[in-house]
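Chain letters run A, B, ... following the sequence lines, proteins first and then strands; every chain starts at 1.
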Amino acid sequence: MPHASGYFRTTYGQDTRLVDTRTQRVAAGAFICALIALPWLANPFVLDLANQTLLAVVGAVALMLLTGFAGQISLGHAGLMAAGAFCTGILSKELGASIWLTLPASAATGALLGVIFGLPSLRLRGLYLAVSTLALHFIVIYLGHEYETRRGFSTGIVIDPPRVFGWELVDGRAWYVVFLIAAGGTVLIALNWLRSRTGRAWRALHGREAVAEALGIHVPLYKLLAFVASSTLTAMLGCLFAYYRGFVSGEAFSLFLSIQYVAMVIIGGMGSIAGAVMGAVFVTLFPYGIEWLVGLVSEALPEMRGLQNAVFAINYAAFGLVMILFLVFEPQGLAGIWRRVQAYFLMWPFKQKPLSGGGK
Amino acid sequence: MQLVVNIAVLASIYALISCGYVLIYRVSRVLSLAHGELMMLGAYGLVTTASLFAAQPGVAVAAAGLLAAATGALVYWVLMRRMTGEAVLAAVLATIALGILLRGAMVLIWSAQVQHPARMLGFDNPVVALPGGARLSTISLLLVGMNALVYLALWWFLTRTRYGIAMRAAGQNPRLAAQRGINLHAVYALAWGIAVFTGGLTGILIACDAGLDATMATIGLKAFPAALVGGLDSLVGALCGAVIVATAEVLLIHYVDPLLSDVVPFLVLTAMLIVRPWGLFGSREELDRV
Amino acid sequence: MNVAVPLLQVDAIEVAYHRVMTAVQGVSLQVGAGQLVALMGTNGAGKTTVLRAISGFLGLDDARVTAGSIRFMGESIENLAPHRVTALGIALVPERDKVFDNLTVAENLEAAATPRRADRAALLEMVHAQFPRLAQLAKREAGYLSGGERQMLAIGSALMCAPKLLLVDELSQGLAPLIVQELIHKLLALRDQLGLTILLVEQNARVALDAADHGYVIENGRIVLDGDAAKLGEHQDIREFYLGQGGAERKNYRDVKQYKRSRRWYG
């Protein structure tokens, strides 16, 4: 085949490869180096931001597996995180359990909830499913609250920093390493799932359930698997989040958090792991960006000083607006923009990909 | 006796809110998760009109109601119209985003402080004693009456008037409706207008009764299980669902644990989804439709 | 019949779904006032697409007329919203989902939007006079009607839109031959009494050709034959492939290919 402008995959092996071209390999390498170098260059504030972002990446990727690939909407992501966090809090408070116990326990809780969560999905679709996950969110939060009030931790459960191989994880840098491993691991696991039989089954049942079933895919099994995979990862995220924050409280897991994760998936772009990562970065940094902007405005215009007190509200409004803009104008999300920019340079001087031949 | 009255009031609130969910869903197959916020917006509309027409409370309330209806139509025209033809999911997410946007905007405009539009208008809200020893506020009584009125009006509109029939037709088969000359965008906008109007009315009454702050949106969210328990495509269902959810909530709060308040509707909903996912009066095909 | 100024003129239209899939190409046809024109073709030939192009696409169809023009009484109507087309005087009787199942017969008739210039009460009276059965069934839910009654209701509620041009998609589908005969006669009567113009889309060429003045044959998204209905009925290929008459002996595949080569291409 003559080499045309652009990069074409010509074998199945190439299609399942993680890193396609040399340029990509170099870029990925540079990106990883930058990530490793970051804690030595950044101040504590930036480091905290980076940590939050990495945590969000784990959650966004987990939700992307479920929503973006398997096509099952969930509004209960915050509830699942809360389940992991409360599990961690209760175990370490009641039994003094170490992270080596709480992390697997959170994972197990998540998996169990995933099954419970997923069972309705075998009968329900679309909206009804979203609603049942919403119900689960409220139930988990209620149970957590109930525990808090019964045991008298009305302000939240305080957790001691965990010890890992004799190290006490208190320092932001130490956490950064943990989170980097967690986020990197999640991304790798997700990518590997997606290029395996499981991932293909998920995509198939996203496309059309009846057809997937006709192709011999065990639809209920793979649906449940998607829920379990996603909720296990999310509950483990909840566990790490609890340790990082040092305390657990129901208020931290509002419905807004669930919506933020859904927003990450939308803004990042449905059906793309890179999109989930971009969405996580965007949504996590967004409030800080707004705060910075408000700061700028109120410095430039002293009469607008009142804005500073309303940062929280502005944040909400701007976040909703951005979400709407993405839904209306860029349903493919950041990943879609990225693909278009890429295609623009690859196809230059032509404007569009050829309709046939190039492959879609 | 007091319990029965409490149930009736709460059921009226849920029923009034959930008829908005049902109406929008029936006509356009979209679930408006911004309904709580829109209802709150209606109540804040009264705060504004109350400061404009402080002397004429009737005018203020009427203006607030009209404002709510216009807001609903506007929401459809500006936002939801663009989501037609997209996946249902995208439309629902758009309403969620709208809810968040409104929440922020409302705090920006009216601040987060508790407002009392009733006081601004000089309404007093005396307690009414009912036979049997039960007591409730006048506005709660008004809520129950309003609920009956709204449902009767909706029933009349949907079965007896041309536009109502056209609306049902559009909900059932939009393509055929358009081919029969029905302007779908107008019908959808009308449905949104009515839904937000009834929601706004509820918001106004609750705000007059108990004051108004950002927690009102939660009531909207709690009414949503009522709509689902009854079956999303049935108004009768919404009414029954509201009664069931309200009964469960009042009784459980009274006899078990006040903390349960926020979670009861969702517990009822979960039970319903396990037993009969399409709701009491909903049609089974609805499940496959979305 | 005088066809000097056609009521409906479709000129070399091309319809694309999802911006990339072309469903019909270069389709042209004319319907003169007072005519009954038949558009025939097999499954998937593009008949319904042509009808929808005339009656208007919905946003959710994600389809557009990408080339050519459709003119109705001199007015350009391609890519107009369906309700606007209906208001101009074109009503469609669709192939499937032709009535609102959960509405009663009376409500089905009531739901149709009548243009301002027309008198609703008079229209309803006319529909009841044409289809007395519908008056008897007024309170019945449309979902419980028989196939023939559904078709009557569909035609009746299309008439409530006070059309000048009636588009009928697959009149005969799923109906007993006797009822089809009856409905065809009804359509002819409507044409003669109300001055209605009718474009009939049919798979069943015999039904269509018996009633029509003029016929078009569409295959693979193109018009391949057209002509006077009576002459079309005599056409060797039509007789053989659409009416199932002609040579008693079995043809071999080469002859079929020969037939394919012999068709004319328009546009």
Please rank [options] by heavy-atom pairs under 4.5 Å with chain B and give me the top one.
options	value
A:Phe138, A:Phe326, A:Phe319	A:Phe138
A:Val262, A:Thr149, A:Ile259	A:Ile259
A:Leu255, A:Ile141, A:Val322, A:Leu321	A:Leu321

Proximity breakdown for [X] and chain A, heavy-atom pairs closer than 4.5 Å:
X	result
B:Leu102	neither
B:Leu93	both
B:Leu98	both

Only pairs of heavy atoms separated by less than 4.5 Å count here; which of B:Ile100, B:Leu228, B:Asp262 has the most with chain A?
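Counting heavy-atom pairs under 4.5 Å, the top option is B:Ile100.
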For residues [X] and [Y], establish whether the separation of their ring centroids is below 6.0 Å.
X	Y	value
A:Phe286	A:Phe282	yes
B:Tyr44	B:Trp110	yes
B:Tyr21	B:Phe224	yes

Counting only heavy atoms closer than 4.5 Å, note whether A:Phe256 contacts chain B via side chain, backbone, both or neither.
side chain
Listed partners of B:Val243 passing side chain to side chain contact (heavy atoms under 4.5 Å, CB included), at least two apart:
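Side chain to side chain contact (heavy atoms under 4.5 Å, CB included) list for B:Val243, sorted by chain: B:Ala11, B:Thr247.
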Determine whether A:His206 and A:Gln72 make a side-chain contact, defined as any pair of heavy atoms from C-beta on separated by less than 4.5 Å.
no
Could you tell me how the ring of A:Phe312 sits relative to the ring of A:Tyr316: parallel (under 30°), tilted (30 to 60°) or perpendicular (over 60°)?
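Rings of A:Phe312 and A:Tyr316: tilted, 30 to 60°.
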